[in-house]
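Because the structure is a prediction, the values reported are computed rather than measured. Each chain gets a letter, A, B and so on, in the order the sequences are listed, and its residues count up from 1.
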Number of protein chains: 2
Amino acid sequence: MPDFIYNNKIYYNPVEFAMDRIGGTWKMPILWRLKDHVLRYGEIKKSIPHITHKMLTSQLRELEAEGFVSRVVFPVVPPKVEYTITARGTKAITIVEVIRNYGLELMKDFGVPYEKIKTQKKMQS
Amino acid sequence: MPDFIYNNKIYYNPVEFAMDRIGGTWKMPILWRLKDHVLRYGEIKKSIPHITHKMLTSQLRELEAEGFVSRVVFPVVPPKVEYTITARGTKAITIVEVIRNYGLELMKDFGVPYEKIKTQKKMQS
DNA sequence: CTGCATCCGATAAGATACTG
DNA sequence: CAGTATCTTATCGGATGCAG
């Protein structure tokens, strides 16, 4: 007696559904980077520490397939691909921010040290 | 160059940290059930469709270990154990609600049918 | 009733190599 | 530069059995 099915997967509640779209280790960090920048693949890669090539590619594919980011391929050599956040992605950012702030509170609560609270203006190098 | 370490695990951002505490398939549904009820193990079990014995036990253990729920054992036969949400758990519920509402919006957005939008007043049978 | 341990299959994710 | 494919390991989670 599943609640609903989407993409051949059974879901039992809306939270699970939302988390499958924007959850996981990397999707939120990716959306976060695209918040107010259009970025190339390599730029995203450089800006997210420890993410592997495979993970970044697959997560971008999923985010694109579900309309959170859009992918523009420039037919040049060497290849150039830009990723832009969509309206749906921007909406998701709101949730990311809520969770992020909560995470910061929790960390404080748990006594976990964390420095870069300050918003990062410039993203890489 | 990890951002921080907690419980022998490396985290790279606050979102990941938060999701490790209250994320996953079952933690939010569990907290949700305890929102305004003190429940016994078996009651939680019955109220969450498809959750397995193993998963419920392990998730409750983690939630307890990190202070989101408290566990009271009554020294009777047969055993009786009650789970209560803590202040920290109540705070988490706020986030759960935000994510849940977002999930509902997303589902509408994706055209996923879902009936029981109405708040469930009574929980089981 | 509640909880723990064990086994095992499914899935996620890292490393690496190859392509246009 | 960006993307795909393969191989391999690690973790998650289901089923089951046993115990106080």
Next item on the list: Check whether any side-chain N or O of Arg61(B) sits under 4.0 Å from OP1 or OP2 of dC4(C), and answer yes or no.
Entry: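 Affirmative; the distance criterion is met.
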Check: Under 4.0 Å: is that the gap between some side-chain N or O of Tyr83(B) and OP1 or OP2 of dC1(C)?
Finding: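 False: Tyr83(B) side-chain N/O out of range (4.0 Å or more) of dC1(C) OP1/OP2.
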Please tell me if the side chains of [X] and [Y] come closer than 4.5 Å, counting only heavy atoms from C-beta onward.
| X | Y | result |
| --- | --- | --- |
| Arg33(A) | Pro29(A) | yes |
| Glu105(B) | Lys108(B) | no |
| Lys45(B) | Arg40(B) | no |

Margin query: Can you pull out every ring pair (Phe, Tyr, Trp, His ring centres under 6.0 Å) where at least one residue sits in residues 57-95 of chain A? Sequence neighbours excluded, please.
Written below: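 Checked against ring pair (Phe, Tyr, Trp, His ring centres under 6.0 Å) - neighbours excluded - no pair reaches residues 57-95 of chain A.
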Note to self: Counting primed atoms plus P, OP1 and OP2 as sugar-phosphate and everything else as base, spell out the protein contacts along nucleotides 13-20 of chain C at 4.0 Å heavy-atom distance: B, S or - for each nucleotide, 5' to 3'.
What the structure shows: BBB----B
Notebook entry, point to check: Just how far is it from atom CD1 of Ile22(B) to atom CZ of Arg88(B), taken to the nearest 0.5 Å?
Noted result: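 One gets 11.5 Å once the value is rounded to the nearest 0.5 Å.
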Notebook entry, point to check: Which is the 5'-most and which the 3'-most nucleotide of DNA chain D that has an atom under 4.0 Å from a heavy atom of chain B?
Noted result: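 Range of nucleotides touched by chain B: dG13(D) to dG20(D).
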Next item on the list: For the helix from dC1(C)-dG20(D) to dG20(C)-dC1(D), measure the angle between the helix axis at one end and the axis at the other, each built from five pairs, rounding to 10°.
Entry: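 One end axis against the other gives 30°.
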Check: How long is the line joining CG of Asp20(A) and P of dA12(C), in whole Å?
Finding: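 Between P of dA12(C) and CG of Asp20(A): 9 Å.
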Item checked: Rounded distance (Å) that lies between atom P of dG3(C) and atom CG of Leu60(B) ->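 It is 7 Å, rounded to the nearest whole Å.
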Notebook entry, point to check: How are the rings of Tyr114(A) and Phe4(B) set to each other: parallel, tilted or perpendicular (split at 30° and 60°)?
Noted result: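 Tyr114(A) and Phe4(B): perpendicular rings.
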Item checked: Side-chain donor or acceptor of Asn101(A) paired with backbone N/O of Glu97(A) under 3.5 Å ->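 Indeed, once roles are kept as given, a pair shorter than 3.5 Å links the two residues.
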Next item on the list: Hey, could you give me each pair passing salt bridge (charged side-chain N to carboxylate O under 4.0 Å, His left out) that has a residue in residues 47-58 of chain B? Not counting sequence neighbours.
Entry: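 Non-adjacent pairs meeting salt bridge (charged side-chain N to carboxylate O under 4.0 Å, His left out): zero.
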Notebook entry, point to check: Are Glu62(A) and Arg21(A) close enough for a salt bridge, meaning some N to O gap below 4.0 Å?
Noted result: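 Result for this pair is no, no salt bridge flagged.
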Next item on the list: Would you please name every residue forming a ring-ring contact (aromatic ring centres under 6.0 Å, His included) with Tyr102(A), sequence neighbours left out?
Entry: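 Checked Tyr102(A) against ring-ring contact (aromatic ring centres under 6.0 Å, His included); zero matches.
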